[in-house]
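The structure appears right after this line, and notes come after that.
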Amino acid sequence: MNKIVIHGGNPLNGTVQVSGAKNSALPLLCATLLTGGDHHLSNIPQLRDIRTVFELLKTLGAEVDCSGDSAVINADRVESIEAPYDLVKTMRASVLVLGPLLARYGHARVSLPGGCAIGARPIDLHLKGLAAMGAEISLDHGYVEARVERLKGATIYFDMPTVGGTENLMMAATLAEGTTVLENAACEPEIIDLATALNGMGAQISGAGTDTITIEGVDALRPMNHRVMADRIEAGTFMVAAAMTRGNVLVKDADPVCLEAVISKLREAGAQVDLCEDGIRVKGAEEILPIQIKTSPHPGFPTDMQAQFMAMLTLANGTSVIAENVFENRFMHVCELQRLGSNIRIDGKQALVEGVDMLLGAPVMATDLRASASLVLAGLAADNTTEVSRIYHLDRGYERLEEKLLALGADIQRVAI
Ligand code: EPU
């Protein structure tokens, strides 16, 4: 077990390189199950969740050959169609093998993920969509079992935009017979990245990035050769870190098109945000201004940036209001931020964050991935020493976070406990 120890107070300065996007790499790796041959993927972040999906692919019978940030995956010989509980419980994105396995083999068994720290997170919309495409779905000993001879194109309306649901059905529909239309689909940039890779494999997908995606099924696909997009949430996390430590950081490869809401809210909070040729530069202002944030599906403000903004707003000059509209339980970081002296009140879906003059370091505990990031950010800006434990959450989604922050001038280290 490790913890992160931070002596706060240093402004961050310099340049930081953004890694490949976890939430894009995960569905892309699952998409390799759609066909045999050697799939080539690059810019894969080295993270715990990525190692879990490699494990899952190997369990199913695929060959995985990684070198640095690249991997060659070969799913010629898939021997199992079952995503076991042990892997799904550690990473919910494992359910993304359901669509590809069902489309290629007509049969898949995937452990039902259950709830998690940020909410119930059901997969009913994934299953409803596959059923509309002709799959017979049953629940057996905690496993979802899906069977079909060949999926058939259908028009599927999502009751709410779901990132994973859109990805699962988009992958499934590539090999279905006929045309599938996904309505009220998620518009996240990771959906566009997946559709681009699938089209490179010979799929016929149009409309990705809008709320209506059309997929003309094809009979066969070829392996992909794809570079994973840059991680917009990692980029946003460094942008907030720069703003809240009153630093000056160039976040290299941060894509402003994917970060419009984040950029706009940082500017509203007083930070200077400049769009550069090779990334985004953020300069923190002396005074952080209070703002209102409402999380919603893309292009709205991302729920995955809510906790980091809350950390920054604990030091604002006034009261901010943050509404979490995507997940029902994503305020777990509040109690820990309070341990550092912040003044936050939760009222249903809203958090009222009354800015304080300073945070004071303390031992805190990470509860989920983005909550951990918010605690690290708070530690960077707090006086004295902050110790963040349970950082295995952080390692699921941030590649070498402490090394990158150290290079920007933070006093931070990982310590074995
Ligand atoms: N939902 C349902 N039924 C479904 C699917 C979703 O009710 O069948 C609900 C969820 O409970 C939630 C909302 O719809 O309230 C949105 O969930 P969505 O399906 O979009 O989330 P996801 O695909 O499970 C991905 C990211 C999350 C990110 C959300 C929202 C990956 C691997 N995960 O999750 O990332 O918060 O989209 O943008 O892409 C993270 O990286 O820290 C993280 C949690």
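For the numbers below, each heavy atom of this structure counts, side chains included, while hydrogens, waters and symmetry mates do not.
- Within the 3.5 Å criterion, the main-chain N or O of Ala371 finds a donor-acceptor partner in the side chain of Asp368.
- No more than 12 heavy atoms of other residues, nucleotides or ligands sit less than 6.0 Å from atom OH of Tyr85.
- Here the closest non-hydrogen pair linking Ala203 and Thr174 is CB-CG2, 3.6 Å.
- In this structure, Ser342 contributes its side chain and Leu337 its backbone to a donor-acceptor pair below 3.5 Å.
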Test log, rule side chain to side chain contact (heavy atoms under 4.5 Å, CB included), inputs Leu26 and Ile50: CA-CA 7 Å; Leu26 294 175; Ile50 298 293; 3.8 Å; yes
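- With contacts defined as side-chain heavy-atom distances shorter than 4.5 Å, the pair Lys22/Leu369 qualifies.
- Between the side chains of Thr295 and Glu324, at least one donor-acceptor pair of N or O atoms lies under 3.5 Å.
- Residues Val95 and Pro113 approach most closely at CG1-CG, 3.6 Å, considering heavy atoms.
- No donor-acceptor pair closer than 3.5 Å links the side chain of Arg109 to the backbone N or O of Tyr143.
- The closest side-chain heavy-atom distance from Leu405 to Phe238 is below 4.5 Å.
- Ion pairing of Arg232 with Asp304 is absent here, as no side-chain N (NZ or NE/NH1/NH2) approaches a carboxylate O to less than 4.0 Å.
- Checked for salt-bridge contact, Asp49 and Arg92 miss the test: no charged N lies under 4.0 Å from a carboxylate O.
- Looking only at atom types and distance, the side chain of Arg48 has no donor-acceptor partner in the side chain of Tyr398 under 3.5 Å away.
- Formation of a donor-acceptor pair under 3.5 Å by the Asn199 side chain with backbone atoms of Ile205 is found in this model.
- Interatomic distance, CD of Glu167 versus CG of Leu198, reported as 10.0 Å (0.5 Å rounding).
- Side-chain atoms of Glu216 and Thr179 include a donor-acceptor pair closer than 3.5 Å.
- Within the 3.5 Å criterion, the main-chain N or O of Ser19 finds no donor-acceptor partner in the side chain of Asp231.
- Contact record, Ile44 with Ala71: CD1-CB, 3.5 Å, taken as the closest heavy-atom pair.
- With hydrogens and angles ignored, the 3.5 Å screen pairs a side-chain donor or acceptor of Gln338 with a backbone N or O of Ile344.
- A pairwise comparison of heavy atoms in Leu102 and Ala146 identifies CD1-O, 3.5 Å as the closest pair.
- Counting all heavy atoms, side chain and backbone alike, Ala242 lies closest to Leu12 at N-CD1, 4.4 Å.
- Listed by chain and residue number, Lys404 satisfy the salt bridge (Lys or Arg N to Asp or Glu O under 4.0 Å) test with Glu234 (two or more places apart in sequence, or in another chain).
- Closest approach of Val53 and Cys30 over heavy atoms only: CG2-SG, 4.0 Å.
- Under 3.5 Å, the side chains of Glu287 and Asn317 contain a donor-acceptor pair of N or O atoms.
- At least one donor-acceptor pair closer than 3.5 Å links the side chain of Arg339 to the backbone N or O of Pro363.
- Looking at Leu259 and Met305, their side chains never come closer than 4.5 Å, going by heavy atoms from C-beta outward.
- Between Glu402 and Leu406 there is no side-chain heavy-atom pair separated by less than 4.5 Å.
- Rounding to the nearest 0.5 Å places CG of Leu352 at 12.0 Å from CG of Leu313.
- Remark: side-chain polar atoms of Thr214 are not paired, donor with acceptor, to backbone N or O of Val181 under 3.5 angstrom.
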Side chain to side chain contact (heavy atoms under 4.5 Å, CB included) assessment of Thr32 paired with Met224: CA-CA 8 Å; Thr32 63; Met224 74 171 84; 4.1 Å; yes
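- Separation of atoms CG (Asn2) and CD1 (Ile391) is listed at 5.0 Å; rounding is to 0.5 Å.
- With a 6.0 Å radius and a threshold of 12 heavy atoms from other residues, nucleotides or ligands, Asp357 has its CG atom at or below the threshold.
- Checking side-chain atoms of Asn325 against main-chain N and O of Ser296 turns up no donor-acceptor pair under 3.5 Å.
- Contact annotation: the side chain of Leu380 never approaches that of Asn10 to less than 4.5 Å [non-hydrogen atoms, C-beta and beyond].
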Verdict with reasoning, His226 to Asp193, per side chain to side chain contact (heavy atoms under 4.5 Å, CB included): CA-CA 9 Å; His226 188 78; Asp193 204 28; 2.9 Å; yes
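- The structure places OG1 of Thr367 at 12.5 Å from CZ of Phe331, a figure rounded to the nearest 0.5 Å.
- Checked by atom type and distance alone, the side chain of Glu145 never pairs as donor or acceptor with a backbone atom of Ser138 at under 3.5 Å.
- Arg281 contributes atom CZ, which lies 5.0 Å from atom CG of Leu250 (distance to the nearest 0.5 angstrom).
- Looking at heavy atoms from C-beta onward, Val262 lies in side-chain contact with Pro302 at the 4.5 angstrom threshold.
- Note that the SG atom of Cys258 and the CD1 atom of Ile263 stand 9.5 Å from one another [nearest 0.5 Å].
- Contact check for Leu275 versus Ile280: side-chain heavy atoms found under the 4.5 Å cut-off.
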Residue pair Leu394, Ile4: steps toward the side chain to side chain contact (heavy atoms under 4.5 Å, CB included) verdict: CA-CA 10 Å; Leu394 201 66; Ile4 282 185; 3.6 Å; yes
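- In this structure, Glu136 places its CD atom where only 12 or fewer heavy-atom neighbours from other residues, nucleotides or ligands lie under 6.0 Å away.
- Atom CZ of Arg400 has more than 12 heavy atoms from other residues, nucleotides or ligands within 6.0 Å.
- In this structure, the side chains of Met229 and Ile192 stay at 4.5 Å or more apart for every pair of heavy atoms.
- With no hydrogens or angles considered, a side-chain donor-acceptor pair links Gln306 and His333 at under 3.5 Å.
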